[in-house]
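Counting starts at 1 for both ligands and their atoms, in listed order.
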Amino acid sequence: PDVVNKIAAGEIIVAPVHALKELLENAVDAGSTSLEILVKDGGLKLLQITDNGCGIQKDDLAILCERHTTSKITMFEDLSSIATYGFRGEALASISHIAHLTVTTKTKDSAVAWRAHYLDGRLVPPKPGQPAEPKGVAGRPGTQITVEDLFFNIPTRRRAFRSPADEFNKIIDMVGRYAIHCEGVGFTCKKAGESSSNLSIASAATTTDRIRQIYGSSVANELITLKSEDDRWGFKAQGLVTNANYHIKKTTLLLFINHRSVESTHFKKAIEQTYNTYLPKGGHPFVYLSLEIDPARVDVNVHPTKREVHFLNEDEIIQAVCRQIEEELAAVDT
Ligand code: ADP
Ligand code: MG
């Protein structure tokens, strides 16, 4: 059965960045205002994320990496109202099937932090012969998740990663996206053993500051604020998009739906078309867009391996947002 779980997990988490994205979302969901990320060998050797969020109760540690635990099933009774999609309570479980997972966590009511090790969905001893139960350790409130030797049991996958540098770039890109989206949260990301961070965003930084730090002033100096909503389609959108003074060879689209970074080919195409008449030939925009859609309208049944998102009235919502962009571009233009 663990072979089946391993294969399923390997299909969900194809690259280190996919594990990292889930850990980022969990840390943000926990109400953290500071996230520290440490990476070794492009995340294949080590992915560690330390947050200062609510922490996990000691009693929940035993079932943390189980798929569909009782508490999770109750939570998921109303499938159509899950605000998130994709893993549905399976991220940590999946990771535990293809890596060595260590969780150290402290809630603010707990006198100590608790550390637990996982493999294949279950608590395991830190070393053979030691007890598998969580161990009390010193620590600050919050959670630290350590993922070591990702894909250690899928050697063909592991060998397929030719360049840790490429994997690290994907990780930095993803952290940057969440850093731009999560105002009020500080982020650092660095390679293990290095003293300086590759990304460091103060919790007080504004969204524009964050974009400036990550994408540069050429983007940050040319941003227009976007706001759009329509009750008919049950959505609210807000964002920052470049005006006609800015253009680059490839579109940068930072798209968040219900606070999850997602991909949407439809959305990207429509945005590119909208900018077409305003930018020189071959020029493309930077677009950061955050959409809140009634969760019941987002397709939660899309298979977790699909990074593309779909939602009800997709065409109408995309059109409405693009019309808003068009209006803003036209207004700045004249
Ligand atoms: P899901 O996020 O879909 O519930 P996960 O496997 O990602 O499934 O996480 C399982 C649960 O573990 C979460 O619902 C949350 O209660 C808890 N959890 C995971 N990461 C953290 C964290 N960093 N801080 C606090 N709780 C966490
Ligand atoms: Mg999660």
Where's the contact between Ala91 and ligand 1, heavy-atom distance under 4.0 Å: side chain, backbone, both or neither?
-> both

Under a 4.0 Å heavy-atom limit, does Ile49 contact ligand 1 with its side chain, its backbone, both, or neither?
-> neither

Could you tell me which residues satisfy salt bridge (Lys or Arg N to Asp or Glu O under 4.0 Å) with Arg177, sequence neighbours excluded, listed by chain and number?
-> Asp173

First locate atom CG of Leu150, then atom CG of Asp41, and finally report the distance between them rounded to the nearest 0.5 Å.
-> 11.5 Å

Are the side chain of Arg158 and the backbone of Leu44 linked by a donor-acceptor contact shorter than 3.5 Å?
->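 Yes, the answer is positive, given that a donor and an acceptor are paired below the 3.5 Å cut-off.
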
For ligand 1, is there an N or O atom under 3.5 Å from any N or O atom of Glu22?
-> no

If you measure from atom 2 (O) of ligand 1 to every heavy atom of Leu23, Asn26, Leu24, which option wins on shortest distance?
-> Asn26

Parallel, tilted or perpendicular, as decided by the 30° and 60° cut-offs, for the rings of His310 and His266 = perpendicular

What residue pairs, at least two apart or across chains, pass salt bridge (Lys or Arg N to Asp or Glu O under 4.0 Å) with a residue in residues 263-272?
->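 Not a single pair qualifies under salt bridge (Lys or Arg N to Asp or Glu O under 4.0 Å).
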
Ala30 neighbourhood, listing ligand 1 atoms whose heavy-atom distance to it stays under 4.0 Å | 24 (N), 25 (C)

Counting from 1, what ligand 1 atoms have a heavy atom of Leu92 closer than 4.0 Å?
-> 6 (O), 9 (O), 19 (C)

Does Gly55 come within less than 4.0 angstrom of ligand 1, counting non-hydrogen atoms of the residue?
-> yes

Any chance the rings of Tyr215 and Phe286 have centres within less than 6.0 Å?
->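 Ring-ring flag for Tyr215/Phe286: true, centres closer than 6.0 Å.
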
